[in-house]
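Both backbone and side-chain heavy atoms feed into the values below; hydrogens, waters and symmetry mates do not. In each ligand, atom 1 is the first atom listed, and ligand 1 is the first ligand listed.
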Amino acid sequence: MKKNLVFAANWKMNQAPADAGAFMRTFLGQYARQQDRRVLFFPPAVSLHVVVQAIKERADLEAGVQNIHWEDKGAFTGETSGSLARGAGARHVLVGHSERRHVFGETEEETGKKVAAALRAGLTPTICVGETLTQREAGLTIDVVKRQLRAAVSGVDAAVVATTIVAYEPVWAIGTGKNATPQDAGEVHVAIRAELRAIAGERGAAVPILYGGSVNRSNVDALLAADEVSGVLVGGASLDAEQWLAIARSG
Ligand code: 13P
């Protein structure tokens, strides 16, 4: 049996405060603490407060934001810093999500600066890596995810790398209904684990490596059984409280 599992819901640009409140009432009414796992919620920033308030009595449930700026404060209209998010109750942040990289043009250098900013603010970064379909077909998957991981932690002490979370999300599997097979996911997760050990030594063994990309209640068990898969990062299927309950209880 795997331990220290992580089930993370990325609501992306969905769930206004009222919807988030209704979701959390349904979820909390039915989800009992399980010793072997944590459940993380990444609501849109405007709904963070609602989620933080809903889970404040629950040590097994944590909340985070989907993005931060790399500066700690200042004249950056429209941006949220790590310390602002921390002050609003976030404990986590997604960094380098493929939508940030591919829709908003975030570079590997910016991802690295955001990881450093998250750690300065006391947030746990979930570092997202993943290849495009073109890169997979060219046989570049492992090279791409290793390079993205190295760039993301380039400014961070090895000991601190051990406190992060990594998520492998193949770009071609996000929101497409096409998930990686457990075997494909396992191969990449094993390579990420080796890279984490190369960067952080034995401490690299403690970093959870989540799989993301079209995870749902039907495929989650097989994905969780794959080598070095320590949890899941779920978009679409995390928007429905009943489906998210089924996912968060699986494995
Ligand atoms: P989907 O689960 O909707 O494919 O999204 C995955 C994702 O991007 C989670 O961060």
Side-chain angles (χ1 to χ4, degrees), residues 5-15 19-20 23 27 38-45 47-48 51 62-68 85 90-106 111 114-115 118 123-133 135-136 141 144-145 148-149 152 164-182 184-185 188-189 192 207-224 226 229-251:
L5 292 167
V6 177
F7 292 79
N10 174 10
W11 288 348
K12 306 191 180 182
M13 202 166 71
N14 300 286
Q15 311 277 45
D19 303 321
F23 182 109
F27 183 83
R38 289 182 287 161
V39 180
L40 314 185
F41 293 89
F42 292 92
S47 300
L48 176 66
V51 175
E62 294 166 17
V65 286
Q66 298 169 11
N67 182 38
I68 54 169
R91 305 270 303 276
H92 295 264
V93 58
L94 301 179
V95 182
H97 190 278
S98 80
E99 287 145 22
R100 299 301 319 167
R101 295 179 194 265
H102 297 289
V103 182
F104 298 101
E106 190 169 301
T111 297
K114 289 182 180 192
V115 168
L123 298 173
T124 301
T126 292
I127 299 163
C128 304
V129 296
E131 82 288 4
T132 63
L133 188 57
Q135 289 166 332
R136 171 160 283 263
T141 299
V144 168
V145 298
Q148 290 174 335
L149 181 59
T164 67
I165 297 173
V166 173
Y168 168 55
E169 297 204 307
V171 178
W172 48 271
I174 295 176
T176 57
K178 290 185 206 154
N179 58 285
T181 64
D184 286 343
V188 182
H189 281 237
I192 292 172
V207 175
I209 309 174
L210 316 184
Y211 172 78
S214 295
V215 175
N216 59 40
R217 68 199 300 171
S218 308
N219 59 25
V220 62
D221 280 321
L223 288 161
L224 285 171
V229 174
S230 351
V232 286
L233 177 56
V234 184
S238 75
L239 293 173
D240 172 66
E242 298 296 338
Q243 175 143 216
W244 181 237
L245 273 162
I247 292 171
R249 290 182 179 129
S250 56

Q. Would you say R91 has more than 12 foreign heavy atoms packed within less than 6.0 Å of its CZ?
A. no

If you compare K178, E169, K12, E99 by their heavy atoms, the one closest to atom 5 (O) of ligand 1 turns out to be K12

One finds that the ligand 1 atoms under 4.0 Å from a non-hydrogen atom of L233 are 9 (C), 10 (O)

Checklist entry - Does any N/O atom on G175 come nearer than 3.5 Å to any N/O atom on ligand 1? => result yes

I want to know if ligand 1 touches G235 in the polar sense, i.e. an N/O pair below 3.5 angstrom. yes

State whether a side-chain donor-acceptor pair under 3.5 Å links Q66 with H97. no

Open item on the list: Tell me whether ligand 1 is touched by G213 - counting only heavy atoms on the residue side and a distance under 4.0 Å.
Closed with: yes

When rounded to the nearest 0.5 Å, the distance separating CZ of F7 from CG of L224 is 5.0 Å

The reported gap from CG in N179 to CG in N219 (rounded to nearest 0.5 angstrom) is 4.5 Å

CZ (R217) and CG (L245) are apart, to the nearest 0.5 Å, by 9.0 Å

In ligand 1, the atoms that come under 4.0 Å of a heavy atom of A173 are 4 (O)

Ligand 1 to N10, heavy atom cutoff 4.0 Å, flagged ligand atoms 9 (C), 10 (O)

Would G236 count as a polar contact of ligand 1, with the cut-off being nitrogen or oxygen pairs under 3.5 Å? yes

query: Do the rings of Y211 and H189 sit parallel, tilted or perpendicular, given the 30° and 60° boundaries?
result: tilted

Distance col, row I68:CD1 vs L94:CG, nearest 0.5 angstrom, shows 10.5 Å

message: Is it the case that ligand 1 has an N or O less than 3.5 angstrom from some N or O of T176?
response: no

